[in-house]
Structure formats: C-alpha cells, structure tokens
Participant: 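Could you have a look at this structure, given as structure tokens, before my questions?
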Amino acid sequence: MPARYIVHIDMDAFFAAVEQRDHPEFKGKPVMVGSDPKGGRGRGVVATCSYEARRFGIHSAMPISIAYNKCPQGVFLPVDMEKYLNVSEEIFTILNDFTPDVEPISVDEAFLDISQTHQLFGGALETCRQIKARIKKELNLTASIGLAPTKMAAKIASDLKKPDGLVEVQPEHMQEFLRPLNIRKISGLGEKTEIILNRIGITTIGQLADASPAKLTTLLGANGYQLHQLAQGINPREVQTRGEVKSISNETTFDQDTSERTVINRTLMRLSEKVAGRLRHHRLKARTITLKIRLTGFATYTRALTLDAPTSFDDAVYRAVKKLYSDFDCRGKKIRLLGVKASNFSAPAVQAELFNNAAKPVDARAEKLHQAIDKLKSKFGDDAICRGTSIKGRS
Ligand code: TTP
Ligand code: MG
C-alpha cells in the first residue's frame, strides 16, 4: 500500500489569537474571549483564551466569573464571530492550495490528505512547514500541525507541541508513539467506554492493543473491535472531502416502540437538525430528503421527496420529513425506528455563492452563521452558543 500522509491542523488559541493580532496592545497579555465578566458577576463562559491566560488556570468553557476571579487584570473581549469566520475562510483557502482533500472539522481545525500532492512541495514534512509558514506570513497567526499515516495519530500529534507545534509520526514509529498514550487520546472514546476499559485494567493505548478483540467486542460491541484496530494503529478512515459524500443520514431506534405524536415529531426534528447540520458541515445542499420508518415487527419503509430548491437548513428538512410522515400509513402499528437521509447534492454552498449572483446575500449570511455555530456545537455540545458566547452583532 502506498504511504499515507495525513495532516491534522489546529489553530492556536484561535479567537484570542485573532484578537491579539488585531490589537497588538493585547499581545503577551491574558486575553479571554467570551461572555461579559461584569466585574466577576457575569454569566456565561470563556469561549477561549490566550496561552498567557492559560497560565492562570483559565480554559475554554470555564464560567466567566471564575476566569475573572483568577485574572481580573486580564483583557475580556466579546465573541466577534463574523471576524473569526472570515479568518477561517482565509485559512481554508490556504489549505486548499496544498491539496483538494481537505476535511473541515471546525472553524480552526481540519484534516488534509497530502499523499498525492506532497511531492509538489518537496515532501510531506516540508508541505507542513510551508502550510505553517503561509498561515504565519499571510494571516499572522500560528497553527499546530500533526503529520502521520492515520487520522487518529495526526490529531494526537498536532496537540503535543501546542502552540506553534509540528510533530511527525513516521509509519515505523506508530507503535512506540501510540502505545504509552492514555486511551482518552482516542477521539470519540467517551467517558463510559473509558470507565469500562479502566475496570479491566486498560488505561493506555498499548494495553488496548494487547487486549483480546473478542473480549473487547463482548464488552463494547462493534465499537470494541474498532477501538482495538485503532489502538494498533489501523485507522483506514479516509479524509472525507465533500466529493466523496453521497448521502448523509441519521436514525434513531426508540427504547420502546411508540405512536406518540409528540415523541415522533420531536425525534423527526432532532434527526432533521442533525442531518442539516452535517450538510452544512460538509458545505453541501441536498435536493432529496428520505424518511425511513421501521414498524413494530421490523417491516421497513422509505419515502422520498424532492425539494424545489436544494437546502441545508433544519426547518426545510424538517418540513419535508413531516410531510412524508403525515402521508405515511402506519396501519395502526407502532414505530420502532425513524431515519432521515439527505442526498442528491447540488454544488457546494461556497461555490454557489461565488458563481450564482442570484443567491440572496441574506441567505448566504444566514448560512455562514449556521455553519460557524454548527462547528462550535460539534466541538462542545449543543448548548455551546448559549452557554459560551455573547455573539457580537447577532440579534
Ligand atoms: P479549539 O481549537 O478547541 O481551541 P483554541 O483554538 O482556542 O485553542 P488551542 O487549539 O490552541 O487549544 O477551539 C477553536 C475555537 O472554538 C476557539 O478559539 C473558540 C471556540 N471555542 C468555543 O467557543 N468554546 C469552547 O468551549 C471551545 C473549546 C472553543
Ligand atoms: Mg485551536
């Protein structure tokens, strides 16, 4: 198999770094971006803070009042999402110059597959150096990068030498790199799984790699087998660029089969939000929405609807699935599972904006805000925005 070169890039103290760049008087100072501290009586949390502030023990998601008590002399700034979004777009423009295989993870974070392109830039490590150099030169910001044969290792590596780090894991060093690390470093490994694994004496990735896959599968189902693979450095997950995504779907099986209208509507709403959120994450719009219904007894049906205009909005997806649901005859049976799928994608939103002068500016703006909020939500939960930020200019 040809060598894979996966890059994970994550900007350092992103919101705070942008503010320090734009206000040189804040350089070298503890800067908190988030809610208004109101002299220590403010509500809400820190969205992020500069590395200077981290030395005071301040971190993202900390209540702003506590941050203020720890560092009353610090600089407290509101979230200027519009500004960070613009910078985020500039970062992605630079990344796209190095490879078309860019998977955006958040406003300040992405995976790149440079396996096909690194030679154009003088090798994989050199490509990473150039990415960092361009971000520094053109945006006056620092990024931390991990380079490895897998997504998991690249992500872990990018975090090791923050800020301004560059860490390479060569294929032959994967085992020695991964084995000593705590299993918590495996992204997606939740607290519950950690507790279960700790209970059988597994705390490091090496111990996980040495465990019996059969035992892990008994304890954790299919996830156990996958974790075992990951621990061995086997991580075939590709960098997902938008071209490869053909459809996006989410489904839910009810704990108990139901015919409760409110439960069903709530579920359809939640599934629509998830699917639309993922569409926006991939900067896609879907024309076809499909509802999947499994009834008690397992009979499964799908019903699809083609929209007049492609969408990535929660409410448009929800309206479509609600219509499909009302037109469906459950024959008096209860529902066991509901699923929502979006497919038949049209051009990515960004391109539509560039090439379609007819696109309403209002739509484009709403879409960008949606995207930015989604990215934050995907990082720190659905309440992030209400919890975290007083978004400047948002009413
Ligand atoms: P992160 O990449 O997690 O954090 P960071 O870039 O500020 O710092 P570093 O990567 O160097 O550790 O998040 C990116 C941005 O997302 C961050 O600048 C602000 C926003 N954010 C929140 O609004 N709330 C949060 O709880 C977190 C973690 C981030
Ligand atoms: Mg970051």
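Whatever order the structure lists them in is the order used to number ligands and atoms, beginning at 1.
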Participant: With a cut-off of 2.8 Å, does any N, O or S atom of Glu109 fall short of it relative to the Mg ion (ligand 2)?
Facilitator: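 It does not; every qualifying atom lies at 2.8 Å or beyond.
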Participant: Does Tyr301 have Arg331 sitting over its ring (NZ/CZ under 6.0 Å from centre, angle to axis within 45°)?
Facilitator: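 The answer is yes; both the distance and angle limits are met.
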Participant: For ligand 1, which is the ligand I care about here, please tell me if Phe14 has any N or O atom under 3.5 Å from one of the ligand's N or O atoms.
Facilitator: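 Yes, Phe14 has an N/O under 3.5 Å of an N/O on ligand 1.
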Participant: Which atoms from ligand 1 have a heavy atom of Thr48 less than 4.0 Å away?
Facilitator: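 In order of number, 5 (P), 7 (O), 17 (C), 18 (O), 19 (C).
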Participant: If we only consider heavy atoms of Ala13, is any one of them less than 4.0 Å away from an atom in ligand 1?
Facilitator: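 Judged by the 4.0 Å heavy-atom criterion, Ala13 does count as contacting ligand 1.
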Participant: Compute whether any side-chain donor of one residue and acceptor of the other, for Asp12 and Thr142, lie under 3.5 angstrom apart.
Facilitator: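 A donor-acceptor contact under 3.5 Å links the two side chains.
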Participant: Can a salt bridge be assigned to the pair Asp159 and Lys155 using a cut-off of 4.0 Å between side-chain N and carboxylate O?
Facilitator: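 Salt bridge between Asp159 and Lys155, a charged N being under 4.0 Å from a carboxylate O: no.
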Participant: Which option, Glu19, Lys162, Met11, Arg54, owns the non-hydrogen atom nearest atom 8 (O) of ligand 1?
Facilitator: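 Considering heavy atoms of Glu19, Lys162, Met11, Arg54, the nearest to atom 8 (O) of ligand 1 sits in Arg54.
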Participant: Identify each donor-acceptor pair in which a side-chain atom of residues 253-265 lies under 3.5 Å from a protein atom, sequence neighbours left out, and give them as a table.
Facilitator:
from   : atom 1 : to     : atom 2 : distance (Å)
Asp257 : OD2    : Thr296 : OG1    : 2.8
Thr258 : OG1    : Glu260 : N      : 3.0

Participant: Could you tell me whether Tyr84 approaches ligand 1 through its side chain, its backbone, both or neither, with non-hydrogen atoms closer than 4.0 Å?
Facilitator: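 For Tyr84, there is no contact with ligand 1 at all, from either part.
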Participant: If you consider just the N/O/S atoms, which atom of Asp108 is the closest one to the Mg ion (ligand 2)?
Facilitator: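 Of the nitrogen, oxygen and sulfur atoms in Asp108, the Mg ion (ligand 2) lies nearest to OD2.
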Participant: At less than 4.0 angstrom from any non-hydrogen atom of Asp10, what atoms of ligand 1 do you find?
Facilitator: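 The atoms of ligand 1 under 4.0 Å from a heavy atom of Asp10 are 2 (O), 10 (O).
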Participant: Using a distance-only test with no angle check, is there a side-chain donor-acceptor pair under 3.5 angstrom linking Thr306 and Arg287?
Facilitator: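 The criterion, which ignores hydrogens and geometry beyond distance, is not satisfied for Arg287 and Thr306.
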Participant: Given the Mg ion (ligand 2) as the apex, I'd like the angle to OD1 of Asp10 and O of Met11, rounded to 10 degrees.
Facilitator: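 With the Mg ion (ligand 2) as the vertex, OD1 (Asp10) and O (Met11) sit 90° apart.
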Participant: Which atoms from ligand 1 have a heavy atom of Tyr51 less than 4.0 Å away?
Facilitator: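 Counting from 1, the qualifying ligand atoms are 9 (P), 11 (O), 12 (O).
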Participant: Under 3.5 Å, which donor-acceptor pairs do the side chains of residues 121-128 form with other protein atoms, sequence neighbours left out?
Facilitator:
from   : atom 1 : to     : atom 2 : distance (Å)
Glu126 : OE1    : Arg129 : NH1    : 3.2
Glu126 : OE2    : Gln130 : NE2    : 3.1
Thr127 : OG1    : Gly123 : O      : 2.5

Participant: Hydrogens and angles aside, do Gln207 and Thr203 bring a side-chain donor and acceptor to less than 3.5 Å of each other?
Facilitator: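 Gln207 vs Thr203: donor-acceptor pair found between side chains.
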Participant: With respect to Ser60, determine whether any N or O atom, backbone or side chain, lies less than 3.5 Å from an N or O atom of ligand 1.
Facilitator: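 No; the residue has no nitrogen or oxygen that sits under 3.5 Å from a nitrogen or oxygen of the ligand.
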Participant: Could you check whether the rings of Phe15 and Tyr84 sit parallel, tilted or perpendicular, using 30° and 60° as the cut-offs?
Facilitator: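 Ring orientation of Phe15 relative to Tyr84: parallel.
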